[in-house]
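Structure, as structure tokens:
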Amino acid sequence: MDCNIVSALYYVIPLYLLIHLLCFILADADFTLLRAALLGRRPETKLKGLVVWITGASSGIGEELAYQLAKCGSRLILSARREDELNRVKRHCLEHSDLRDKDILVLPLDLLERTSHEEKTKTGIEYFGHIDVLINNGGRSQRSLCLETSVGVYQALMELNFLGTVSITKQVLPHMTQRGTGAIVTVSSIVGLAGAPLATGYSASKHALQGFFNSLRTELTDYPKILISTVCPGPVQSQIVNNAFTEELNKPMATVGSQEYKMPTSRCVRLMLVGIANGVKEMWIAQQPFLLFYYAWQYAPTLAWSVTNMLGRKRVQNFKAGLDVDSAYFTKPKTS
């Protein structure tokens, strides 16, 4: 009998490991999030009727969040600096969902103008009566070498990505603790967990967000119905690279390469909504081979350093050669 059990395990265990390996190769998110997508609550049920405030809602991930949340039946507060773009997003939401005009509030917001955040928060609460979910999505990226980057760029990144997000959070959080329920979801990045060349300031601002919200989560143990969640996407199709900081504050990006290889924004947002609906505290969202880096940094940091140094050297070389630093990983440069 014991011999039969051992024999069975001899075949079952390798098969079990093989299945998990295949699942990992095909995965585009961490296993906790994928399990929630397969077996958990659906956003269409959990998020219907909730009031969701989205910053950075005029493009990219924020815009797609608005569209998918509208289809879920969530009531929306859309914020960004460009009011005309917010109105465009609102029109699209109304045309492709059952929401009515009164279900969407366009609330222009500049994360740098922190003195206005209290008034903006009051406006949203007075309009809907409460805020159920705050999605901190606003921010800018960076593409420049540290040796060439002015300190003003670093200051701008921290003011916008970190302090602007913290400011809005501090305005909304007392409202949620008073009600005893809510969710604060912050879009971080893969570089919020691991460093990357050409993004020293951006990575620092995202590391700061990770530290802030991880600490905040532990402070709110007396409020178990308040979710503090961070989202760490890898490369996603969006306009964040177009608007990235360079070595000088007002110097625009010279060229932006193809984004075809990146994860579709719709898939990233769908996984985010699954995570919110199921109370996932940290979400890793990326296609392979990027997802592998998350696990390497978590469980094998020495190996991760070696691989990061190798790829980082290539990234810097591409940048100095005038190539797009991301797409050049996947395309061969043209030769004359």
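Atom set for the values below is all heavy atoms of this structure, side chains included, hydrogens, waters and symmetry mates excluded.
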Check: So which heavy atom on Asn161 is nearest to which on Gly139, and how close?
Finding: OD1-CA, 3.2 Å
Note to self: Rounded at 0.5 Å granularity, tell me how far CZ in Arg140 sits from OH in Tyr202.
What the structure shows: 12.0 Å
Checklist line | All pairs passing side chain to side chain donor-acceptor pair (under 3.5 Å) where residues 93-113 contributes a residue, at least two apart | finding: Lys90-Asp101
Note to self: Any non-hydrogen side-chain atom of Glu248 less than 4.5 Å from a side-chain atom of Val153?
What the structure shows: no
Next item on the list: For Thr55 and Gly138, indicate whether the former's side chain and the latter's backbone hold a donor-acceptor pair under 3.5 Å.
Entry: yes
Check: What distance do Leu99 atom CG and Leu76 atom CG have between them, rounded to the nearest 0.5 Å?
Finding: 6.0 Å
Margin query: Under a plain distance cut-off of 3.5 Å, with no hydrogens placed, do Thr149 and Glu247 share a side-chain donor-acceptor pair?
Written below: no
Check: Are the side chain of Arg41 and the backbone of Lys46 linked by a donor-acceptor contact shorter than 3.5 Å?
Finding: no
Next item on the list: Would you give the length of the straight line joining atom CG of Leu78 to atom SG of Cys93, rounded to the nearest 0.5 angstrom?
Entry: 6.0 Å
Note to self: Side chains of Tyr67 and Ser266 only: does a donor on one sit below 3.5 Å from an acceptor on the other?
What the structure shows: no
Check: How about His117 and Leu109: do any of their side-chain heavy atoms sit closer than 4.5 Å?
Finding: yes
Notebook entry, point to check: Do you know which two heavy atoms are closest between Arg315 and Pro197, and how far apart they sit?
Noted result: NE-O, 3.0 Å
Check: So, the side chain of Ser188 versus the backbone of Thr230: is there a donor-acceptor pair under 3.5 Å, distance only?
Finding: no
Next item on the list: Check the pair Thr308 / Trp297 against side chain to side chain contact (heavy atoms under 4.5 Å, CB included), numbers first and verdict last.
Entry: CA-CA 10 Å; Thr308 302; Trp297 275 102; 3.4 Å; yes
Next item on the list: List the atom of Gly195, the atom of Ser203, and the distance in Å for their closest heavy-atom pair.
Entry: CA-OG, 3.8 Å
Next item on the list: Side-chain contact test, heavy atoms from C-beta onward, threshold under 4.5 Å: evaluate it for Arg82 versus Ser59 and give yes or no.
Entry: yes
Margin query: Are the side chains of Asn309 and Ser306 in contact, using a 4.5 Å heavy-atom criterion?
Written below: no
Margin query: For Leu249 versus Ala156, what's the shortest heavy-atom pair and its separation?
Written below: CD2-CB, 3.7 Å
Check: What pair of heavy atoms forms the shortest contact from Ala27 to Leu291, and how long is it?
Finding: CB-CD2, 3.8 Å
Check: Side chains of Leu271 and Leu273: closer than 4.5 Å at any heavy-atom pair?
Finding: no
Check: Salt bridge or not for Glu118 and Lys122, using N-O below 4.0 Å?
Finding: yes
Next item on the list: Answer yes when Arg75 and Asp132 have at least one side-chain N-carboxylate O distance shorter than 4.0 Å, and no when they do not.
Entry: no
Notebook entry, point to check: Gln210 and Lys206: side chain to side chain contact (heavy atoms under 4.5 Å, CB included), yes or no, with the steps?
Noted result: CA-CA 6 Å; Gln210 291 286 136; Lys206 295 300 186 178; 5.6 Å; no
Notebook entry, point to check: Any donor-acceptor pair under 3.5 Å linking the side chain of Asp28 with the backbone of Ala286?
Noted result: no
Check: Where do Met263 and Phe290 land on the side chain to side chain contact (heavy atoms under 4.5 Å, CB included) test, with the steps shown first?
Finding: CA-CA 11 Å; Met263 174 182 282; Phe290 301 101; over 6 Å; no
Check: With side chains defined as the heavy atoms from C-beta onward, is the minimum distance between Met272 and Gln68 less than 4.5 Å?
Finding: no
Checklist line | Single-linkage hydrophobic cluster, 4.5 Å side-chain cutoff, Leu160 and Leu157 together | finding: no
Item checked: Aromatic plane relationship, Tyr299 with Tyr295 - under 30° parallel, 30 to 60° tilted, over 60° perpendicular -> parallel
Notebook entry, point to check: Taking Ser58 as the fixed residue, which of Glu83, Glu63, Arg81, Glu85 is the one that meets the side chain to side chain contact (heavy atoms under 4.5 Å, CB included) rule?
Noted result: Glu85
Next item on the list: Could you tell me whether the side chains of Asn214 and Arg217 share a donor-acceptor contact shorter than 3.5 Å?
Entry: yes
Notebook entry, point to check: If we ignore angles and hydrogens, is there a donor and acceptor under 3.5 Å between the side chains of Thr246 and Ser144?
Noted result: no
Note to self: Quick one, Cys232 and Met283 - any side-chain contact, counting heavy atoms below 4.5 Å?
What the structure shows: no
Next item on the list: Could you go through the salt bridge (Lys or Arg N to Asp or Glu O under 4.0 Å) check for Lys71 and Glu64 one step at a time?
Entry: CA-CA 11 Å; Lys71 291 180 180 178; Glu64 183 64 25; over 6 Å; no
Note to self: Looking at Asp84, I'd like to know if its CG atom is crowded, meaning that more than 12 non-hydrogen atoms belonging to other residues, nucleotides or ligands lie closer than 6.0 Å.
What the structure shows: yes
Next item on the list: Enter the distance from Lys281:NZ to Thr32:OG1 here, rounded to the nearest 0.5 Å.
Entry: 10.5 Å
Item checked: N-O pairing of Glu148 and Arg143 below 4.0 Å -> no
Notebook entry, point to check: How long is the span from the NZ atom in Lys251 to the CZ atom in Phe245, to the nearest 0.5 Å?
Noted result: 14.5 Å
Item checked: Intermediate values then yes/no, side-chain hydrogen bond (donor to acceptor under 3.5 Å, both in side chains), Asn136 and Thr169 -> CA-CA 8 Å; Asn136 290 312; Thr169 297; 3.1 Å; yes
Checklist line | Sequence-distant partners of Leu220, side chain to side chain contact (heavy atoms under 4.5 Å, CB included), two or more places apart | finding: Leu173, Thr177, Leu216, Tyr223, Ile226, Ile228
Notebook entry, point to check: Looking only at heavy atoms, which two atoms of Tyr294 and Pro233 are closest? And how far apart?
Noted result: OH-C, 3.1 Å
Next item on the list: Group every Ile, Leu, Val, Met, Phe, Trp and Tyr by side-chain heavy-atom contacts under 4.5 Å, then state whether Val172 and Leu111 land in the same group.
Entry: yes
Next item on the list: Verify the cluster assignment for Val191 and Leu209: are they in a single hydrophobic cluster under the rule of side-chain heavy atoms below 4.5 Å apart?
Entry: no
Notebook entry, point to check: Can you check side chain to side chain contact (heavy atoms under 4.5 Å, CB included) on Gln142 and Ser205, steps first, answer last?
Noted result: CA-CA 11 Å; Gln142 176 198 4; Ser205 69; over 6 Å; no
Item checked: Beyond-backbone contact of Val185 with Leu134, side-chain heavy atoms, under 4.5 angstrom -> no
Note to self: Which residue is it: Ile135, Ile184, Leu107, Val133? I am looking for the one with a side chain to side chain contact (heavy atoms under 4.5 Å, CB included) to Trp53.
What the structure shows: Leu107
Checklist line | Short N-O contact, Arg114 and Glu159, less than 4.0 angstrom | finding: yes
Check: Roughly how far apart are Ser79 OG and Ile168 CD1, rounded to 0.5 Å?
Finding: 7.0 Å
Next item on the list: Identify whether Phe213 and Ile276 are in the same connected component of the hydrophobic contact network (ILVMFWY, side-chain heavy atoms under 4.5 Å).
Entry: no
Check: Same hydrophobic cluster for Leu50 and Val269, using side-chain heavy-atom links shorter than 4.5 Å among ILVMFWY?
Finding: yes
